[in-house]
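To keep things clear, I will list the structure first and then write my remarks on it.
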Amino acid sequence: MDSDDALELPSGFRLGVSTSAYQTEGAAGDRGESIWDGFLARSRLPVAAWSVATDHLRRLEEDLDLAAGLGVTAYRFSLSWPRLMPEGRGRPRREALALYDRMLDAVLERGLEPWPCLYHWDLPRAMQERGGWAERDTAYYLADHAEVVGELAAGRARRVFVMNEPNVHAVLGHLAGRHAPGLTDPSAFLGAVHHQNLATGLAVARLREAAPNVELGTILSLQPCLPAAEGEEHELAAELADAVYNRAFLDPLFGRGYPEPLADMLAGHVEDGDLDELSRPLDVLGVNYYTRLRVRADAASPVGLALADPPPASEVTAMGWEVYPRGLYDVLMRLREDYGGPRVVVTECGAAFPDEPDAAGRVDDERRARFVVAHLRAALAARAAGCDLDGFLVWTLVDNLEWTDGFAHRFGLVRLVPETLERVPKRSYAVLREVAASGAVPPPEAVTELA
Ligand code: FCB
């Protein structure tokens, strides 16, 4: 996988950046409540964290100019369901339709391809009150939202994605209680797995009608799950983590039904015809990648396993995540080897580091630049080995609301000055721009020579 040469970007390969509505938009007064509002309030984040966020809606033009200034092809963003439908159902709000209509045009005017995503974790609170993802109905309401987005996107978006990381939403939001809606309920977790999968199929059917010439995809966070120690119990623990995190979403999507032990546990939720519904063919699978999981058996844990720390001496990001580009190569090759080689695109990859601005407010984030370049090279290596990969999007453009971490962990290529919300491009921004302009991806050690 490694070489000292610069790698060439293949022709037609798309670079881009990814963002999401809840983490950037602000203007919370102009939408219905999201499950995140109350959850973050309980986590004691200041109201401004989500009511203003990065103030993106008021600075839309400036932010899109920054995205276009990178010289990349694709711009991924999400549409807020509670902004379009405050109660999660019924007629969409006219102001919200006009807003996203303008957003699509503003992206296109800058020569970028809009890649909207329907659902990036911000369920309308009213839907949660009706049971949220634990309830089957939520899948049908999501499909109605999909139709609204499909009508907006038709003829303009290049690609539309249905879900963002339903696996993370199910595990962290419904089992671990670390994300909204903050549940630690195995039965809600199982519902969230199946109903999000079902929603994907239902939404794809509606989008095909509403936006016939748009490529459709959905997005999973994929992580290799490896045993952290020798011994059969650790291997089994890693397999279980893989089944829950990766395969509970990949297997049914590719027509194989649910893996054990989930198949038995989900039997009560799966109705006749569901497995066909949720395996409707997609044009592209979005893969988000950040790190790998090291898993060990742990009898004291209710699920029988625990995550181990990164190996000593490994480089870790501010999130505590091991920097492990090889894992991206491995998950992409797994899609080729085990799932029939679908068309894929990396829809998120990036890193938080404790950026320190210099006296002039500039951030020399060489580590982030090296991270991006190393992972882009791993993705290109998988492509060269036969993975049908056609793009790589960095998470994210401007430092934004990192969910419960607020603004403490910053992933942007562009610094958000906390007091003024001013945007200041970091070194990594210049590096990505240089890569896009030259079409050459240098080895990570050489980024200092780039920009
Ligand atoms: C992903 C999410 C995204 C962002 C990154 C760091 O799991 O999709 O919203 O928070 O992690």
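Whatever order the structure lists them in is the order used to number ligands and atoms, beginning at 1.
Annotation: cation-pi geometry satisfied between Arg159 and Trp115 (NZ/CZ under 6.0 angstrom from ring centroid, within 45° of ring axis). Cation-pi geometry between Arg368 and Phe353 is not met: the NZ or CZ atom fails to fall both under 6.0 Å from the ring centre and inside 45° of the normal.
Close contacts between ligand 1 and Trp403 involve ligand atoms 3 (C), 4 (C), 9 (O), 10 (O) [criterion: under 4.0 Å to a heavy atom]. Applying the 4.0 Å criterion to heavy atoms of Asn164 picks out, from ligand 1, the atoms 8 (O). Within the listing of ligand 1, atoms 4 (C), 6 (C), 10 (O) sit less than 4.0 angstrom from a heavy atom of Glu402. Residue-ligand proximity, Trp121 to ligand 1, at heavy-atom distances under 4.0 Å covers atoms 2 (C), 7 (O). With ligand atoms numbered from 1 in the order given, ligand 1 contributes 6 (C) to contacts under 4.0 Å with heavy atoms of Phe411.
Considering backbone and side-chain N/O of Gln23, one or more are found under 3.5 Å from N/O of ligand 1.
In terms of protein heavy atoms, atom 5 (C) of ligand 1 is closest to Tyr290 OH, 3.2 Å. Considering only non-hydrogen protein atoms, atom 3 (C) of ligand 1 sits nearest to Glu348 OE1, 3.4 Å. Atom 7 (O) of ligand 1 has as its closest protein heavy atom Glu165 OE1, 2.5 Å.
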Acceptor/donor pairs from residues 175-185 side chains to any protein atom, 3.5 angstrom cut, sequence neighbours excluded:
unit_1	atom_1	unit_2	atom_2	d
Asp185	OD1	Ser187	N	2.9
Asp185	OD1	Ala188	N	3.2

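Between the Glu113 side chain and the Ala74 main chain, no donor and acceptor come within less than 3.5 Å of each other. The backbone N or O of Leu45 lies less than 3.5 Å from no partner atom in the side chain of Ser43, so there is not a single donor-acceptor pair. Between the side chain of Asn167 and the main chain of Val244, no donor-acceptor pair closer than 3.5 Å is present.
At least one heavy atom of His120 lies less than 4.0 angstrom from ligand 1.
For the side chain to side chain donor-acceptor pair (under 3.5 Å) with Tyr258, the qualifying choice from His194, His269, Arg247 is His194, the only one to do so.
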